[in-house]
Novice: 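Here you go, one structure.
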Amino acid sequence: EDQVTQSPEALRLQEGESSSLNCSYTVSGLRGLFWYRQDPGKGPEFLFTLYSAGEEKEKERLKATLTKKESFLHITAPKPEDSATYLCALWGSASKIIFGSGTRLSIRP
Amino acid sequence: DGGITQSPKYLFRKEGQNVTLSCEQNLNHDAMYWYRQDPGQGLRLIYYSQIVNDFQKGDIAEGYSVSREKKESFPLTVTSAQKNPTAFYLCASSIELGGEAFFGQGTRLTVV
């Protein structure tokens with residue numbers, strides 16, 4: 001059974017303090033792994049798709065990486081506006097998307 | 001502007017009533033989805049549709065129903081059989097089933 005687990009549940013950082021969010025997964029046939037950002041009371045906003053181990057993608061202060069067992073979302077020198085919940089989602093062979101429970105990121109000025 | 005529109009943003013339902021949540025997209029996407037999100041939890045799939053006039057149950061379909069009569073529209077009905085309907089409901093669409101999904105802004109349903 002395909003599964004995805006995100007850690008930590010919550011992360012508080014000082015502005016400028018870099019860190020990483022983890023998304024561990026098990027899948028019978030990976031077709032893609034997605035990262036989304038969700039602000040309170042809003043729908044998730046698409047960030048990245050990773051298709052194979054070793055792939056990396058960047059957008060501003062965010063970089064997503066993928067191995068055969070996990071994905072990381074690296075946040076470099078974050079700003080308060082980066083505060084949000086970050087969701088990863090797994091696209092497996094069954095074509096359904098399975099979402100993790102998310103990491104709530106809070107950046108203090 | 002292309003996108004997904006959900007309405008209403010807030011919805012209150014009395015126990016025993018059916019309510020319908022609207023979802024419209026103008027992205028020309030074939031696949032559409034309904035998810036439920038409870039506080040502190042991830043998104044759980046209710047129903048999905050790969051093409052017009054076809055839809056499949058997701059992981060938590062009991063107490064819900066959908067229709068897909070037009071490519072652009074995928075309404076969700078929360079029936080009185082749904083025991084705990086208070087939640088945040090999200091509609092999404094993608095070019096193909098399982099691909100990158102784009103979400104609406106959600107409908108928050110509260111049972112009063």
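Labels below follow one simple rule: chain letters A, B, ... track the order of the sequence lines, proteins then strands, and each chain is numbered from 1.
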Novice: State, to 0.1 Å, how close A/Pro44 and B/Leu43 come at their nearest heavy-atom pair, and which atoms those are.
Specialist: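 That closest heavy-atom pairing would be CG-CD2, 4.3 Å.
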Novice: Quick check on the 6.0 Å ring-centre criterion: do B/Phe103 and A/Phe46 meet it?
Specialist: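 Not close enough - the centres of the two rings lie 6.0 Å or further apart.
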Novice: Same hydrophobic cluster for B/Trp34 and B/Phe55, using side-chain heavy-atom links shorter than 4.5 Å among ILVMFWY?
Specialist: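 B/Trp34 clusters together with B/Phe55.
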Novice: Side chain from CB out, backbone as N, CA, C, O: work out which of these in B/Leu97 comes under 4.5 Å of a heavy atom of chain A, or both, or neither.
Specialist: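 Contact with chain A: backbone and side chain both.
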Novice: Which bit of A/Phe48 is near chain B, if near means a heavy-atom gap under 4.5 Å: side chain, backbone, both or neither?
Specialist: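 When you check distances to chain B, no heavy atom of A/Phe48 falls under 4.5 Å.
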Novice: Kindly give the heavy-atom pair with the smallest separation between A/Gln38 and B/Phe88, and that separation in Å.
Specialist: NE2-CE2, 4.0 Å
Novice: In terms of hydrophobic clustering (I, L, V, M, F, W, Y; side-chain heavy atoms under 4.5 Å; direct or indirect links), are A/Leu33 and A/Leu47 co-clustered?
Specialist: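 Yes, same cluster.
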Novice: Would you kindly confirm whether A/Trp91 and A/Val4 end up in one hydrophobic cluster when ILVMFWY residues are joined by side chain heavy atoms under 4.5 Å apart?
Specialist: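 In one cluster: no.
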Novice: What part of B/Glu96 is in contact with chain A, defined as an atom under 4.5 angstrom from a non-hydrogen atom: side chain, backbone, both or neither?
Specialist: side chain
Novice: Given a strict heavy-atom distance threshold of 4.5 Å, which part of B/Tyr33 is in contact with chain A: side chain, backbone, both, or neither?
Specialist: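 It is neither, since no heavy atom gets under 4.5 Å.
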Novice: I'd like to know whether A/Ile97 forms a side chain to side chain contact (heavy atoms under 4.5 Å, CB included) with B/Glu100, so could you lay out the CA-CA distance, the side-chain angles of the two residues, the decisive distance to 0.1 Å, and finally the verdict.
Specialist: CA-CA 9 Å; A/Ile97 308 298; B/Glu100 300 167 0; over 6 Å; no
Novice: If you measure only the distance, is there a donor-acceptor pair under 3.5 Å linking the side chains of A/Ser101 and B/Gln41?
Specialist: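 Result is no, nothing qualifies.
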Novice: Out of B/Gly99, B/Gly58, B/Ala101, B/Ala92, which one racks up the most heavy-atom pairs below 4.5 Å with chain A?
Specialist: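 Counting heavy-atom pairs under 4.5 Å, the top option is B/Gly99.
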Novice: Taking side chain as C-beta onward, heavy atoms only, is A/Ile98 less than 4.5 Å from B/Arg44?
Specialist: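 When only atoms from C-beta onward are counted, B/Arg44 and A/Ile98 do not touch, as no gap falls below 4.5 Å.
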Novice: At a heavy-atom distance under 4.5 Å, which candidate from A/Glu9, A/Lys42, A/Glu45 has the highest pair count against chain B?
Specialist: A/Lys42
